[in-house]
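Every heavy atom of this structure was used, including side-chain atoms; hydrogens, water molecules and symmetry mates were not.
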Amino acid sequence: MVLGKKSVRINGADCGIEALFLGAISSMGGFLFGYDTGQISGMLLFSDFKNRFGQNDDGKGSKEFVPIIQSLLVSLMSIGTLLGALSSSYTSDLWGRRKNLSWGCFIFVIGSVIQIAAVDSWVHMMMGRFVAGLGIGILSVGVPMFQSECSPREIRGAVVATYQLMITFGILISNIVNFGVRAFEDNPSSWRLVIGLGIVFASPLGLGVFLLPESPRWLAGRQDWDGARMSMARLRGLKHDHRHQLVEDDMKEMRTVLDKERLAAAGTWKECFIPKKNGVPKQVYRTILGVALQFLQQWTGVNYFFYYGATIFESAGIDDPIRTQLILGTINVAMTFFGLYVVERFGRRMPLFIGAIWQAAWLAVFAAMGTAVNPEENSASGIVMIVAAAMFIASFAATWGPIIWVVIGETFPLRTRAKQASLATAANWLGNFMLSFLTPLATDGISYAYGFVFVGTNIVAAIVVYFFLYESVSLSLENVDYMYSLPDLKPWTSSKWIPEGYHTRMKRDDAHFARRAAEDDERTQVASGRPSRAVDDEKLAKRSSEGPRESREERV
């Protein structure tokens, strides 16, 4: 560690302490997501919760939920998150990435208060979950985008993957809390305590985010180049040396892309869906890819276990379903730590492809065993099903859990990044809603054979990754954008591509960047002999008045 620079050397480059702190603080948005996901599974089994919000008498002096009401109670949160994700594209561009995250925390707290105030109306509880979902949706877009735009490329994958790590940690903590409060589950303070702790957990993110630098790419997009440079320097641990060559190189890469995008003005929602000659490569392609990957992440089937795991294992005859859920949550956290290594060591494509195949195999075992042998009458069948569920979750935690958020954070061009990230994350929440709403109805109709549906969706996910996703490990966001513009580069060969000016994806060619800096100085000389940005701006304005030029891809 270099104390003077307040940085650490990671993968051969300076990464500021503030960049690491940013990853830790902003990932609390993932914790809230996970905590809210995990808490409902155990609360549905609490006797006081069922007696207050349930409908049917179970013949033992207590109530049970009608499947359709249970579906609405669990799933309406996902509709809130979908709407929150879409709104985040406006608030993050208008207010900045940091204020957007704080706003999401505030909405989440309001939703939690509404839930705590519920007395005996399931509609009241459902609407509280809907409002909390709005806040979670804002965070689910804002956190990965903020992390991707701020993190040095050497640690970007690991930092963004901590978002999923904190989701798994939030699920685990909610399972632990549910396990602890079930001793007084016949008291309303049981489920109210579970919900109320979410307000406490929201505070570090809602307030701590203002201690962090704003996204340099958002600042640059608003022409605040001095602010962008200082933010970039802080993230590199070079706050007192903001003219350092490492900062200069990062700024040049970012400015090159931004200058090209300025020629075609601001990005619109329309161009996310309709191809337009604006110089941005494969823009619609990347929209569809992001939407498909986020939707399929939910339909791997993971929340089949996390939303309804306790209920599923209780129906399978497991004596202590909440304890089983706690074990699965522990596996989820442990393997997500491994996922932080996987995403930087093995990239994005192959872990996602292999993970989807592995998940399909174990879901087939789970569904086949539950269908062939009644687990309520055969304890061995129940044990095999738990093992299959654990192996599935281990794979998801190391691959499809963290890596999808990394891909979404680095795939889209800055011009429409907020809009495309919102659309992709909204697709995630749409898939989440469909799964959480349909699961009680499907399991009531076809029982464990429902698992075969997830076998098919995992196979589809593997196909999408192999044929359409480009490998972006260790590339700057600007070079990811350039990679998508190459007409002869295919997704299955993209891992071998190295950008101009680099010996490998991890090692820059210093001589190349020195030559480019000298050429830039020559082009921007004014009469006084001093470099001036005004010359570039004049040229840029002239080209803008002439209209957008064709990209390399369009000429081909």
Side-chain angles (χ1 to χ4, degrees), residues 37-38 41 74 164 167-168 171 292-318 321 324-325 327-332 334-336 338-339 342 350-376 378 380-404 428 431-466:
T37 297
S41 179
V74 174
Q164 177 65 25
I167 291 176
T168 64
I171 293 172
L293 290 174
Q294 282 281 41
F295 184 84
L296 288 168
Q297 189 206 44
Q298 285 300 314
W299 277 90
T300 56
V302 64
N303 281 332
Y304 171 62
F305 295 104
F306 287 132
Y307 279 143
Y308 299 105
T311 305
I312 292 168
F313 291 119
E314 184 180 51
S315 66
I318 305 301
T324 301
Q325 196 79 343
I327 293 171
L328 296 180
T330 303
I331 294 172
N332 193 26
M335 290 303 296
T336 304
F338 179 61
V342 169
M350 289 312 296
L352 288 174
F353 177 77
I354 295 172
I357 299 299
W358 176 273
Q359 289 154 199
W362 283 105
L363 283 166
V365 172
F366 177 90
M369 182 59 69
T371 303
V373 182
N374 188 347
E376 292 187 62
N378 188 309
S381 175
I383 293 173
V384 171
M385 291 173 69
I386 291 175
V387 171
M391 297 300 287
F392 163 81
I393 288 173
S395 173
F396 179 88
T399 58
W400 275 81
I403 297 178
I404 287 299
N428 182 289
N432 190 307
F433 167 75
M434 292 173 62
L435 188 145
S436 56
F437 181 78
L438 294 174
T439 292
L441 305 177
T443 53
D444 188 52
I446 60 176
S447 190
Y448 301 108
Y450 187 41
F452 289 119
V453 173
F454 301 122
V455 174
T457 52
N458 275 276
I459 292 174
V460 171
I463 293 172
V464 170
V465 167
Y466 186 82

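- Rounding to the nearest 0.5 Å places CG of N428 at 10.5 Å from CG of L296.
- Side chain of S381 to backbone of V373: a donor-acceptor contact under 3.5 angstrom is found.
- I383 CD1 to M369 CE: the interatomic distance, rounded to the nearest 0.5 Å, is 10.5 Å.
- Taking 4.5 Å as the limit, every side-chain heavy atom of V460 sits out of range of all side-chain heavy atoms of W299.
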Assess whether side-chain contact (heavy atoms from CB on, under 4.5 Å) is satisfied between W362 and N458, documenting all intermediate values.
CA-CA 11 Å; W362 283 105; N458 275 276; over 6 Å; no
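- Using a 4.5 Å heavy-atom cutoff, the side chains of F433 and Q298 are not in contact.
- Note that OG1 of T330 and CD1 of I171 are 11.5 Å apart. Values are rounded to the nearest 0.5 Å.
- Closest approach of S395 and G355 over heavy atoms only: OG-O, 3.3 Å.
- Each of F454, F392, F305 was checked for a ring-ring contact (aromatic ring centres under 6.0 Å, His included) with F366, and the lone residue meeting it is F305.
- Side chain of T371 to main chain of A368: no donor-acceptor pair is present (N/O by atom type, distance under 3.5 Å, no hydrogens or angles).
- For the residue pair A394 and M335, the shortest heavy atom distance occurs at O-CB, 3.5 Å.
- To the nearest 0.5 Å, atoms CD1 (I357) and OG1 (T399) are separated by 11.0 Å.
- A 4.5 Å side-chain heavy-atom check between L352 and I404 finds at least one atom pair inside the cut-off.
- For the atom pair I393 CD1 and Q359 CD, the distance stands at 10.0 Å (nearest 0.5 Å).
- Contact check for F396 versus Q297: side-chain heavy atoms found under the 4.5 Å cut-off.
- Between L435 and T439, the closest side-chain pair of non-hydrogen atoms falls below 4.5 Å.
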Could you walk me through whether F437 and V74 satisfy the side-chain contact (heavy atoms from CB on, under 4.5 Å) test, starting with their C-alpha distance in whole Å, then the side-chain angles of each, then the deciding distance to 0.1 Å, before giving a yes or no?
CA-CA 7 Å; F437 181 78; V74 174; over 6 Å; no
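- Side-chain contact between V365 and M391: absent, with no pair of heavy atoms (C-beta onward) separated by less than 4.5 Å.
- Using a 4.5 Å cut-off on side-chain heavy atoms (C-beta onward), T300 and L363 make no contact.
- Across all their heavy atoms, A364 and V455 have their closest contact at N-CG2, 3.5 Å.
- Closest non-hydrogen pair, A389 versus L328, comes out as C-CD2, 4.3 Å.
- Contact between I403 and P351 at its shortest, heavy atoms only, is CD1-CB, 3.6 Å.
- Counting only heavy atoms from C-beta outward, the side chains of N303 and N432 approach each other to under 4.5 Å.
- Taking each heavy atom of A367 and Y448 in turn, the nearest pair found is CB-O, 3.4 Å.
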